[in-house]
Amino acid sequence: MGLMATKTETTNLSGLARRLIQERLLTDTDALEATIQAAKKRVPFVSYLVENRVVESRDIAIAASAEYGVPLFDLEAIDFDSLPTGLVEEKLIRKHHVLPLFKRGTRLFMAVSDPTSHQGLDEIRFHTGLATDAVLVEENKLNQIIERALSAKDATSMMSGLADADFDNIDFEEIGKDDDAKEAAESGIDDAPVVRFVNKVLVDAINQGASDIHFEPYEKSYRIRFRQDGMLSEIASPPLNIASRMTSRLKVMSRMNIAERRVPQDGRIKLSLSKNRAIDFRVNTCPTLYGEKVVLRILDPTSAQLGIEVLGLEEAQRQAFMTAIKKPYGMILVTGPTGSGKTVSLYTALNLLNKPDVNISTAEDPVEIQVAGINQVNVNPKTGLTFAEALRAFLRQDPDIIMVGEIRDLETAEIAVKAAQTGHLVLSTLHTNDAPQTLTRLANMGIPPYNIASSINLIMAQRLARRLCEHCKQIDDAPSEALLEEGFREDELDQLSIYKPNGCSKCNKGYKGRVGIFQVMPVSEAMGRIIMEDGNSIQLADQAAREGIKDLRQTGLDKVRLGVTSLEEINRVTQD
């Protein structure tokens with residue numbers, strides 16, 4: 001009886017399911033289970049297979065094309081900007097999982113991943129009054145282009161709301177208002193096309209996870225680039241004749257003097273995307289040969305709310321870091337080049353320490369991430385408010401925890417060390433290559449070795465490496481000799497699997513997101529003795545190795561072993 005029921009159910013499978021079984025992409029049991037589960041969850045059969053990674057999207061599309069005689073189209077070949085808009089309502093697109101591709105006369109060609117979706121095409125035919133033809137596409141690519149099309153629609157409607165008179169959704173930081181900016185805001189500089197284009201660039205940068213936007217004028221061209229995952233890529237090349245208008249527009253938004261084009265200027269833009277989400281942009285202009293280059297740093301407050309587990313610290317490193325920040329006094333230094341994530345690491349620590357019973361003050365140039373409950377100061381050397389002056393003021397305001405954006409000079413270093421020795425927890429940054437070099441750098445600045453050894457609890461050097469895309473990374477068949485030269489052990493080569501980037505529609509050249517590479521070095525008594533004896537960074541590095549502290553290279557290789565990033569990327573961000 002059970003066997004007969006199973007046979008009956010199997011014969012009720014769709015033509016596509018039977019075709020997938022015939023192509024040996026599915027077993028009878030898997031096809032039946034997928035059909036039942038898709039019906040239970042009220043999702044299309046094809047969507048269920050792809051979402052649960054039962055069958056590859058490309059294989060399904062090829063099988064469906066052969067089964068139903070529907071042409072197979074590659075969505076990567078489509079010009080996204082040429083897609084027809086306004087013909088089909090969003091609710092119908094989402095309901096039937098389709099998207100208009102192009103219109104020819106009275107015929108509308110719809111992208112579908114399941115050719116048996118006749119009901120959906122009929123409903124769209126009824127609403128549009130156009131004859132509809134199905135064009136078969138891959139499910140995963142259809143998902144992406146639908147989301148992109150609908151988010152672009154949302155962004156366009158939002159940007160049109162931002163343009164011209166309806167400017168309530170954008171707030172401007174009160175940084176140096178002047179009459180020139182006010183006059184410009186009311187003049188023809190705010191023409192609608194430029195306003196909408198600039199707003200579109202800002203919104204696109206946020207949606208694509210960019211960290212910086214570069215507006216760059218040249219003699220015969222103009223380009224806009226985004227920095228994504230640490231790498232720059234060109235995203236637009238607008239007409240050269242609107243370059244000065246875009247620059248003026250950005251200067252107006254950031255409250256700069258639009259009449260001054262000969263010297264660099266700093267400003268800030270605050271863009272409110274919704275009632276609950278606002279993004280700050282730190283803006284800087286710099287005069288070049290062919291006009292002013294404008295760079296915007298995107299400051300997303302949510303980046304400061306990362307948990308300690310998200311940074312990428314290994315368990316031993318995390319424990320050492322947590323132990324250091326829980327001490328009532330002493331200094332914690334984070335070191336690394338610009339763009340290595342030092343600010344996020346510091347604010348992760350500050351968020352863990354930010355409680356009603358502690359007084360936290362920070363001095364930064366400028367304040368990049370605003371956090372409630374922390375007293376933040378923008379240093380301004382022009383007015384005499386330097387890091388050193390801010391530190392002196394903090395020490396008269398009953399502080400528990402002090403964060404200094406950067407130790408740049410001897411005066412700041414001396415006050416920070418004194419604060420660490422007198423019962424305060426001090427966090428700061430330095431620009432050095434690794435943790436041991438930080439100690440010798442302070443000595444070279446003029447800090448007495450005794451003060452260095454007695455005040456510093458922990459030094460954390462860091463870099464940011466790009467994460468491999470989980471959807472397309474592939475095994476890297478590197479020869480054993482090359483792996484040994486890179487630092488891997490001979491006894492692990494047989495079991496070692498490392499990956500390299502490939503590239504797909506879900507990532508940026510094989511990478512998506514970034515992960516921290518850390519060297520977390522608590523300053524031990526033995527290191528203190530080396531410092532007191534005027535030891536150099538090599539001696540400190542040797543002592544750190546004896547204490548089992550991994551350097552940046554070793555931590556990076558661990559990330560390669562785990563398949564998080566590639567060997568090529570670790571070679572880019574770390575040094576031997």
Side-chain angles (χ1 to χ4, degrees), residues 9-23 25-26 31-32 34-52 54-55 57-154 156-157:
E9 289 173 327
T10 305
T11 56
N12 290 332
L13 292 173
S14 68
L16 178 57
R18 289 197 297 272
R19 181 76 184 210
L20 293 173
I21 294 170
Q22 181 184 334
E23 299 285 346
L25 296 170
L26 273 181
L32 182 58
T35 303
I36 294 169
Q37 291 299 325
K40 189 180 294 184
K41 295 182 179 180
R42 296 184 178 180
V43 297
F45 176 66
V46 172
S47 297
Y48 178 85
L49 292 178
V50 174
E51 286 173 11
N52 292 276
V54 181
V55 185
S57 181
R58 178 73 178 168
D59 293 335
I60 296 173
I62 293 171
S65 178
E67 178 69 18
Y68 297 104
V70 180
L72 178 58
F73 182 78
D74 186 358
L75 279 176
E76 291 184 356
I78 196 76
D79 178 8
F80 180 79
D81 294 329
S82 70
L83 292 175
T85 57
L87 292 177
V88 181
E89 295 179 11
E90 179 179 337
K91 64 179 182 181
L92 290 177
I93 291 174
R94 292 198 182 278
K95 177 182 176 182
H96 300 297
H97 198 55
V98 295
L99 188 72
L101 283 182
F102 41 86
K103 180 174 173 283
R104 297 289 182 269
T106 60
R107 305 192 74 80
L108 183 62
F109 293 84
M110 303 292 298
V112 301
S113 59
D114 185 352
T116 62
S117 179
H118 301 301
Q119 181 183 353
L121 294 179
D122 289 343
E123 190 172 347
I124 290 168
R125 184 183 299 116
F126 175 78
H127 278 84
T128 61
L130 300 170
T132 55
D133 289 328
V135 176
L136 188 64
V137 298
E138 295 170 52
E139 166 72 10
N140 60 342
K141 293 180 181 178
L142 180 59
N143 274 332
Q144 292 164 22
I145 201 167
I146 286 176
E147 289 305 317
R148 185 179 171 192
L150 296 181
S151 63
K153 177 184 172 185
D154 293 341
T156 302
S157 63

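What you are looking at is a predicted structure, and each value in this text was computed from that prediction instead of being measured.
- Interatomic distance, OG1 of T128 versus NZ of K103, reported as 9.5 Å (0.5 Å rounding).
- For the residue pair A31 and I21, the shortest heavy atom distance occurs at CB-CD1, 3.6 Å.
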> Would L16 and Y68 satisfy side chain to side chain contact (heavy atoms under 4.5 Å, CB included), going step by step from the backbone distance to the final call?
Replying inline: CA-CA 8 Å; L16 178 57; Y68 297 104; 3.8 Å; yes

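- Minimum interatomic distance between P100 and L108 (heavy atoms only, all atoms of both residues): CB-CD1, 4.1 Å.
- Donor-acceptor pairing under 3.5 Å is lacking for the side chains of H127 and E89.
- Side-chain atoms of S65 never come within 3.5 Å of backbone atoms of A61 as a donor-acceptor pair (strictly under, hydrogens ignored).
- Once rounded to the nearest 0.5 Å, the distance linking NE2 of H96 with NZ of K91 reads 10.0 Å.
- Of the possible donor and acceptor atoms, none in the side chain of T106 sits under 3.5 Å from a partner among the backbone N and O of L130.
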>> Using side chain to side chain contact (heavy atoms under 4.5 Å, CB included), reason through D114 and H97 one step at a time and then give a plain yes or no.
In response: CA-CA 9 Å; D114 185 352; H97 198 55; over 6 Å; no

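- Expressed to the nearest 0.5 Å, how far CD1 of I146 lies from CD of E90 amounts to 10.5 Å.
- Of the candidates L87, L101, L121, L121 is the only one forming a side chain to side chain contact (heavy atoms under 4.5 Å, CB included) with M110.
- With rounding to the nearest 0.5 angstrom, the CG atom of L136 is 10.0 Å from the CD1 atom of I62.
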>> Walk me through whether L20 and L49 qualify under side chain to side chain contact (heavy atoms under 4.5 Å, CB included).
In response: CA-CA 11 Å; L20 293 173; L49 292 178; 3.7 Å; yes

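- Atom CD1 of I124 and atom OG1 of T132 lie 7.0 Å apart (nearest 0.5 Å).
- Separating the CD atom in E138 from the CD1 atom in I60 is a distance of 10.0 Å, to the nearest 0.5 Å.
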